[in-house]
Every structure is written in structure tokens, then in C-alpha cells.
Chemist: 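This is the structure I want to talk about, given as C-alpha cells.
Order of the sequence lines sets the chain letters (A, B, ...), proteins ahead of strands, with each chain counted from 1. Predicted, not measured: the structure shown is a model, and the values here were computed from it.
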2 protein chains.
Amino acid sequence: MAVSVREVAAAASVSVGTVSNVLNRPEKVAPETVARVLAAIEELGFVRNDAARQLRAGRSRSIGLVVLDVRNPFFTDVARGAEDRAAEDGMTILLGNSDDNPDRERAYLDLFEEQRVHGVLISPRSDDLPRLERARSRGVPVVLVDREAPERSFSSVAVDDVVGGALAVRHLVESGRRRIAFVGGPSSIRQVADRLEGARRAAAETPGVTLEVVETSGTTVLEGRAAGEAIRDRAPEHRPDAIFCANDLLAVGVLQALIMLGDVRVPRDIALIGYDDIDFAQAAVVPLSSIRQPAWLIGYTAVDLLLREARDGADFVPEQVQFQPELVVRESTGH
Amino acid sequence: MAVSVREVAAAASVSVGTVSNVLNRPEKVAPETVARVLAAIEELGFVRNDAARQLRAGRSRSIGLVVLDVRNPFFTDVARGAEDRAAEDGMTILLGNSDDNPDRERAYLDLFEEQRVHGVLISPRSDDLPRLERARSRGVPVVLVDREAPERSFSSVAVDDVVGGALAVRHLVESGRRRIAFVGGPSSIRQVADRLEGARRAAAETPGVTLEVVETSGTTVLEGRAAGEAIRDRAPEHRPDAIFCANDLLAVGVLQALIMLGDVRVPRDIALIGYDDIDFAQAAVVPLSSIRQPAWLIGYTAVDLLLREARDGADFVPEQVQFQPELVVRESTGH
DNA sequence: TCTACGCTTTGAAACGATTCACGACGAACG
DNA sequence: CGTTCGTCGTGAATCGTTTCAAAGCGTAGA
């Protein structure tokens with residue numbers, strides 16, 4: 001059924017070694033022989049068996065990537081960056097999404113190990129660092145995405161979320177807002193916690209500024225909408241005059257809730273700022289101010305670090321790359 | 001470096017065959033031996049090498065899925081359904097997105113063939129059926145997703161888009177609308193063409209109903225927004241009184257464009273209906289009427305067919321499953 | 001003529017899990 | 001006591017590709 005190098009070799013009257021050379025180092029083979037072998041390949045419809053290749057090579061040509069939520073455009077952008085860098089070295093990205101569930105996260109790590117992936121990129125939900133340590137001790141490079149490792153034990157690519165949170169709130173304060181609400185959760189997600197921390201610090205810088213926390217159970221549009229409705233339904237004097245959301249999906253939800261009633265105007269009554277600057281942010285009903293993270297670049301850089309670690313082996317020193325978040329001002333916070 | 005069955009066997013003082021049996025048919029092995037082998041596995045940190053397994057087995061335990069656009073929630077839902085069904089048989093989904101690009105589509109097919117996937121699910125962008133025929137002739141089951149095969153040559157899972165398009169327009173007509181615009185494109189995408197065809201037929205049913213086509217170059221929010229702006233900027237008497245969009249992303253974009261100016265109200269001035277009924281539709285500023293497709297079920301069913309085809313081999317008869325689209329009425333078309 | 005060298009090609013070994021025909025051992029039975 | 005049967009365990013062969021030491025061959029220089 002399946003055509004193997006052996007049959008190609010027979011058809012082209014060469015040895016299997018030569019067929020392999022044609023496939024992998026054609027410059028080492030006489031042009032005429034190359035032509036003959038390629039003809040045989042075409043003729044027989046030969047397709048390389050990747051499993052055998054991997055077995056021989058000892059590891060696969062893939063890199064595992066575990067993200068918190070595929071539905072979030074931020075992560076698909078990260079994935080795209082990773083894919084692009086991987087493609088430069090002829091590698092593939094295996095995408096798994098944990099849905100913020102530690103069990104799924106572990107299942108993907110197991111799967112990736114069985115596949116002998118070149119390495120793993122992960123934005124870990126939990127602090128299951130021992131599990132990651134174990135993977136690395138087996139020679140699988142691990143790079144943390146969008147999260148820094150304690151004690152610099154792992155390479156990581158991250159954006160300083162504390163600074164980002166501070167940027168957002170400082171911007172709101174400078175636009176004259178005083179009663180600020182932070183919408184986000186659960187706080188077990190590190191990114192959420194850090195952004196809140198930054199918000200707290202920025203709020204503390206200016207006397208008279210208050211920061212209220214509206215905790216959500218997740219980071220989707222629907223949860224944002226629920227939070228927004230709760231705020232909208234308050235008496236006007238109890239509403240904040242600005243809202244900082246832990247990500248853009250939440251902000252879109254909040255925006256919908258506020259605008260749908262019609263008596264809360266953005267940014268006039270309440271200013272709104274999100275986080276991630278996904279494509280959708282600028283296309284929202286009221287274009288959304290946001291904190292931009294270089295999503296594509298994060299993925300690209302993470303794979304870059306990973307490949308370097310894979311190449312250098314044991315004497316590789318973990319490296320932490322940190323990008324700076326950037327404020328993007330649009331209509332939702334008034335120009 | 002890597003721990004193999006051989007070493008586990010040595011550590012547990014059994015043969016490699018027994019280790020394999022413990023892994024795959026524990027009931028055939030004496031309980032005490034099982035315990036000893038498991039202990040050795042734990043002790044040495046043994047992890048199965050999937051490549052070797054696949055090589056022996058002849059094919060991998062994965063199924064390839066090529067979608068047109070990962071950013072579209074409709075496709076991530078399909079993928080989720082596929083993943084769930086695959087997991088029931090201990091299989092994995094390999095996700096590739098073609099971005100509506102025939103080259104990328106082909107690249108993924110090649111990759112999947114090298115991986116010796118169990119089968120391929122694809123919502124083909126092009127009519128490159130010969131390529132798919134070839135794959136199947138090599139024993140790789142192919143199931144078309146969201147698209148029916150001419151001459152029933154392939155199994156497929158689809159929703160009748162012509163009916164769906166007709167449903168949408170009939171609903172608009174019944175709500176009293178007469179000057180209808182279809183927003184969508186490019187028409188090379190079969191789904192788009194079919195929905196338009198359905199719209200045409202429905203419009204023809206009622207005298208006095210006109211159908212205008214506003215062609216877009218893609219199916220994203222941004223392209224919808226551009227189309228919406230073009231319509232919004234017309235003199236009111238030249239605007240349609242209803243818009244049917246080829247999918248919800250486009251509809252969201254159109255909605256933003258119409259509402260942002262403020263002098264076009266939805267549904268009062270223009271009724272709006274989308275397609276797919278993604279989560280976002282009901283969360284839109286004006287909750288969006290839409291044509292629902294059972295995305296999760298489509299993915300689930302497709303894998304089911306695929307596995308059946310893989311099991312039955314050559315004497316499997318292609319099977320076409322067709323779901324019926326369903327009208328979901330919300331605020332954007334007036335209750 | 002012989003040696004040396006470069007260019008090509010060869011073919012067996014290796015990767016690691018699985019399979020399967022076969023052997024070892026005890027118990028049950030006649 | 002000998003035979004049969006069932007339970008467990010064995011280990012060589014296998015999957016298809018890559019690698020690498022070695023060999024074949026023709027040419028140029030001594």
C-alpha cells in the first residue's frame with residue numbers, strides 16, 4: 001500500500017541511501033541521478049513517512065503551544081507569530097488550548113512529551129512549575145509566554161502587566177477621572193492580578209482617586225457584559241466615571257451593556273479602556289482605548305528563544321525578554 | 001538520554017514485550033508484574049515515543065482539519081466539536097488554517113499526508129478535487145466540511161446554504177422590507193455564493209422585492225464595516241431597507257458602521273441579519289438576527305463519518321449529511 | 001604504471017514500540 | 001503418572017527513514 005524509499009530506490013535503480021540524499025542533500029547527488037529519483041518519486045506517488053523520520057531524528061519538528069483561550073484574538077495573534085518563526089526553520093506549531101483548566105493543560109503537556117516536541121511554549125495557568133521542571137529535565141526546552149518565571153528559572157517572553165495596568169489608570173486620571181473601576185477576574189490568572197496591581201499603584205499616586213474592583217469569573221465578552229450591566233443599573237451617583245477592563249473582550253462587553261441602555265454615554269459619562277488592543281478594539285462601536293501588547297512579536301520571540309535553547313542544550317542560560325506595553329488612545333476615553 | 005521500553009524492561013526484570021503489554025493490554029499480564037512494571041516506569045520517568053508507535057501502527061492517531069479562518073468563531077466551534085468526537089476514540093485534531101489561500105491549503109494537505117493522519121476534514125476553498133481524490137486513493141479518508149461534494153464522491157457534512165439564504169431574505173420580506181442588499185464576498189467562496197443564490201430565489205418569490213449585491217473582498221469585521229460605511233454614506237433614498245450579510249462578522253461590521261454615524265437606526269431604518277449565529281451575535285450592540293448553523297455538531301459528525309470511513313475501508317460508501325439552517329430572530333430585524 | 005584524490009553511491013545499522021509464534025510452568029483430569 | 005489446557009512471559013522481526021564508514025570509479029600527477 002504505502003510506498004517507501006525502498007521501492008523508490010528500486011524503481012530508480014539506486015540505493016535507499018541515495019534516495020534519502022536526494023531528499024535531504026540534493027547538492028551531494030549527481031544531477032542526472034537526482035532527476036531519475038525525482039521521476040520515480042513522482043511516478044510512484046511517494047510521500048515521506050514523518051513518523052520514521054522523527055524516530056530516527058529523536059524528536060519531532062513541532063513545537064507545542066498551550067494557550068489559555070483560543071477564542072481570544074490576542075492568543076491567536078501570538079500563535080501566528082510563533083507559527084511564522086517556526087516556519088522559518090521548517091517547523092510546525094501544535095496548538096492546544098487549556099481553557100484555563102489545569103487538567104487540560106497537563107494533558108497537552110503529556111501529549112507533547114509523547115510527541116517528542118522540540119519544545120513547549122506555555123502561558124501557564126497554574127503554578128505547576130514542577131511539572132515544567134520535569135519536562136525540561138528531560139531535555140524539552142520550555143518557554144513561558146506572557147508570564148515571567150520566578151527566580152528566572154525559565155526563559156520567558158512577557159509584557160510588564162503591572163506597568164500596563166498603571167499606564168491605563170494613569171491615562172484615566174490624567175483625563176480627569178477619579179472614581180475608577182477595575183473589571184476583571186478571576187484573580188488566579190496572573191495577568192489579571194498584575195494589571196490590577198498596576199492599577200492600584202497608579203491610583204495611589206494621585207490623592208482623591210479611588211479604585212473599585214468588579215470581579216468577573218472569566219474574561220469573555222459575556223462576562224464583561226454582565227459586569228457592565230451591573231454597573232449600568234446602579235444609581236448614577238454610584239457609578240464610576242471610568243472603567244479599566246482586564247482585557248478587550250471584557251471591555252467590549254462592558255461597552256455594549258453601557259450603550260444599550262442609552263443613558264450612559266461613553267466616554268462622556270464613563271470612560272472605558274481595555275487591554276491587548278485586539279483588532280476588534282478599534283472596530284468597536286465606540287473605538288476602544290487600550291493597552292497594546294505586541295502579540296505577534298511575543299509569539300515570534302518565544303519560538304526564537306526556544307530554538308536557541310534547543311540548539312545550545314544544557315549550557316543555555318534562561319533569558320527573560322520583556323516588552324513594554326503601550327497606551328493607545330481612542331474615542332472611548334475621549335481624545 | 002531518552003528512556004525506552006528496553007530500559008524499563010531491564011529495571012523491572014521482564015521482557016520488552018511484557019512492558020508493551022502492560023501499556024496496551026494490562027489485563028493480559030499478572031497483576032503483580034503490572035505493578036512492578038508501572039513502578040519501573042514511574043521510577044525512570046518513561047514516556048512513550050509516539051513516533052515509534054506510529055511507525056509500527058502505520059498511521060498516526062490524529063485527524064487533520066483545514067479551516068478557512070480560525071478567527072471566525074464558527075470554525076473554532078466546528079473544531080471543538082471535531083476535537084470532542086476525536087477524543088472519544090483517543091485521537092487528536094491537527095488544526096491548520098488556510099486563510100482562504102489555496103497554497104496554504106495544499107501545504108497543510110501535504111503535511112497531513114506526511115504525518116499519515118487518520119483522515120482529513122476540510123472545507124475546501126478551491127475546487128481542487130483531484131488533490132483530494134489523490135489523497136483518498138492513498139487510503140486517507142476525506143470528509144468535506146460545510147460543503148457538499150459534486151456527484152457525492154466524498155462524504156460531507158453541510159448545512160444547506162441555499163435554504164439558509166432563502167430563510168434570511170424571506171424573513172426580511174415578511175417583516176415588510178422590500179429593498180434588500182446582500183453583503184458578502186468573494187463569490188469564489190462557495191458558502192457565500194450559495195447564500196446569495198438562496199437570497200435571490202427568496203427575493204424572486206415576492207413581486208416588488210429587489211436584491212442588490214454589495215460585494216466584499218473577504219468576510220471579516222473590517223470588510224463588513226467598509227461595506228456598511230459605503231451604504232451609510234448614500235443618500236437615504238438610495239439606501240436599502242434591509243441588509244443580509246454572508247456571515248455574522250460582516251454583519252457586526254455593518255452594524256458598527258450604520259450605528260456610528262447615528263442617523264441610521266437598526267432595525268428602524270435598516271433591518272440587519274447575519275449568518276452563523278456566533279456567540280457574538282446575541283451580544284452585539286443591537287442583538288443580531290441570524291441563521292444558525294449547528295457548528296459543534298458539524299464538527300462532531302464530520303469526525304464520526306471520518307472514523308467510520310477509516311474503519312470500513314474501501315467498501316465504504318460516501319455519505320452526505322445535511323443539517324437544516326434555522327432562523328434566529330432578534331432585535332436587529334425588529335421583533 | 002602506480003598512487004592519490006575527489007566525486008558518487010552503497011548498504012547495513014540504528015531509532016523504539018508493537019506483535020506474535022512459541023515456550024515455560026502449574027493445575028486439573030483421566 | 002502422563003496428558004492437556006490455560007495463563008504468563010519471551011524475544012526476534014518489523015515499520016521507513018537517516019546516517020556514515022567504506023567502496024567504486026575516473027582522472028591527474030609522480
Chemist: Which part of the nucleic acid does B:Arg48 contact within heavy-atom distance under 4.0 Å: base, sugar-phosphate only, or nothing?
Modeler: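 Since only primed, P, OP1 and OP2 atoms lie under 4.0 Å of B:Arg48, the category is sugar-phosphate.
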Chemist: When the nearest nucleotide of DNA chain D is assigned to B:Glu27 and to B:Arg116 on a heavy-atom basis, which residue is associated with the more 5' position?
Modeler: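 Going by which nucleotide is closer to the 5' end, it is B:Glu27.
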Chemist: Is the closest basic N to carboxylate O distance between B:Arg308 and B:Glu319 below 4.0 Å?
Modeler: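 So B:Arg308 pairs with B:Glu319 through a salt bridge.
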Chemist: Expressed in angstrom and rounded to an integer, what is the separation of B:Arg6 atom CZ from D:dT10 atom P?
Modeler: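 Taking CZ of B:Arg6 and P of D:dT10, I get 14 Å after rounding.
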Chemist: Take the protein atom CG of B:Asn49 and the nucleotide atom C1' of C:dC15, then report the distance between them rounded to whole Å.
Modeler: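 Distance, rounded to whole Å: 8 Å.
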Chemist: To the nearest Å, give me how far apart CD (B:Glu32) and C1' (D:dG9) are.
Modeler: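 Going from CD in B:Glu32 over to C1' in D:dG9 covers 13 Å.
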Chemist: Taking for each residue the nucleotide of DNA chain C bearing the nearest heavy atom, is the 5' side occupied by A:Gly17 or by B:Ala57?
Modeler: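 Nearest nucleotide further toward 5': that of A:Gly17.
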Chemist: Take the protein atom NZ of B:Lys28 and the nucleotide atom P of D:dT10, then report the distance between them rounded to whole Å.
Modeler: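 Value for this atom pair: 17 Å.
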Chemist: Using 30° and 60° as the class boundaries, would you call the ring planes of B:Tyr108 and B:Phe112 parallel, tilted or perpendicular?
Modeler: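 Taking B:Phe112 first and then B:Tyr108, their aromatic rings sit tilted (interplane angle of 30° to 60°).
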Chemist: Would you please confirm or rule out a distance under 4.0 Å between OP1 or OP2 of D:dT19 and any side-chain N or O of A:Arg25?
Modeler: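 Yes.
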Chemist: Is the shortest distance from a Lys or Arg side-chain nitrogen in B:Arg104 or B:Asp100 to a carboxylate oxygen in the other one below 4.0 Å?
Modeler: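 So B:Arg104 does not pair with B:Asp100 through a salt bridge.
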Chemist: Which nucleotide in the list C:dT18, C:dA12, C:dT8 gets nearest to the side chain of B:Val5?
Modeler: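 In terms of side-chain proximity for B:Val5, the closest of C:dT18, C:dA12, C:dT8 is C:dT18.
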Chemist: B:Val16 has a side chain; which of C:dA17, D:dG16, C:dT18 sits nearest to it?
Modeler: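 Shortest atom-to-atom distance from the side chain points to C:dT18.
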Chemist: If you measure only the distance, is there a donor-acceptor pair under 3.5 Å linking the side chains of B:Glu148 and B:Gln320?
Modeler: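 Side chains of B:Glu148 and B:Gln320: no pair found under 3.5 Å.
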Chemist: Would you kindly check whether a donor in the side chain of A:Arg56 faces an acceptor in the base of D:dT18, or vice versa, at under 3.5 angstrom?
Modeler: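 When only heavy-atom distances are counted, A:Arg56 does reach the base of D:dT18 through a donor-acceptor pair under 3.5 Å.
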Chemist: D:dT18 P sits how many Å from A:Asn21 CG, rounded?
Modeler: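 These atoms are roughly 9 Å apart.
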Chemist: Salt bridge check, A:Asp99 against A:Arg71: does any charged N sit closer than 4.0 Å to a carboxylate O?
Modeler: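 A salt bridge is absent here (no side-chain N lies under 4.0 Å from a carboxylate O).
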Chemist: Does a side-chain N or O of A:Ser15 approach OP1 or OP2 of C:dT10 to a distance below 4.0 Å, or not?
Modeler: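 Affirmative; the distance criterion is met.
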Chemist: Nearest to the side chain of B:Leu23, which nucleotide is it out of C:dT18, C:dG11, D:dG9?
Modeler: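 Comparing C:dT18, C:dG11, D:dG9 against the side chain of B:Leu23, the answer is C:dT18.
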Chemist: Any side-chain N or O of B:Thr33 below 4.0 angstrom from OP1/OP2 of D:dG9?
Modeler: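 So the side-chain polar atoms of B:Thr33 do come within 4.0 Å of the phosphate oxygens OP1 or OP2 of D:dG9, strictly under.
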Chemist: Which nucleotide sits closest to the side chain of B:Ala52: C:dT10, C:dG16, D:dT17?
Modeler: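 Closest of the options to the side chain of B:Ala52: C:dG16.
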Chemist: Among the candidates D:dT17, D:dT10, C:dT18, find the nucleotide nearest to the side-chain atoms of B:Val14.
Modeler: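 The closest nucleotide is D:dT10.
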Chemist: Given atom CG of B:Leu55 and atom P of C:dC15, what is their separation to the nearest angstrom?
Modeler: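 Answer to the nearest Å: 14 Å.
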Chemist: List the steps, then state whether side chain to side chain donor-acceptor pair (under 3.5 Å) holds for B:Asn101 with B:Glu105.
Modeler: CA-CA 6 Å; B:Asn101 173 343; B:Glu105 185 174 304; over 6 Å; no
Chemist: When we call it a touch if two heavy atoms are under 4.0 Å apart, what does B:Val19 touch: a base, just sugar-phosphate, or nothing?
Modeler: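 Nothing, no heavy atom under 4.0 Å.
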Chemist: Can you check the B:Leu44 CG to C:dG16 P distance for me, whole Å?
Modeler: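 Value for this atom pair: 14 Å.
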Chemist: Is the phosphate of C:dT18, meaning OP1 or OP2, less than 4.0 Å from a side-chain N or O of B:Arg53?
Modeler: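 For B:Arg53, the contact criterion (side-chain N or O under 4.0 Å from OP1 or OP2 of C:dT18) is met.
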Chemist: Which one, D:dT19, D:dT18, C:dG11, comes nearest to the side chain of A:Asn24?
Modeler: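 Nearest to the side-chain atoms of A:Asn24, counting from C-beta on, is D:dT18.
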Chemist: What nucleotide among C:dT18, D:dT18, C:dG16 has an atom nearest to a side-chain atom of B:Ser20?
Modeler: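 Given the options C:dT18, D:dT18, C:dG16, the side chain of B:Ser20 is closest to C:dT18.
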Chemist: Nearest whole Å is fine: how far is C:dT8 P from A:Arg36 CZ?
Modeler: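 Computing the A:Arg36:CZ to C:dT8:P distance gives 14 Å.
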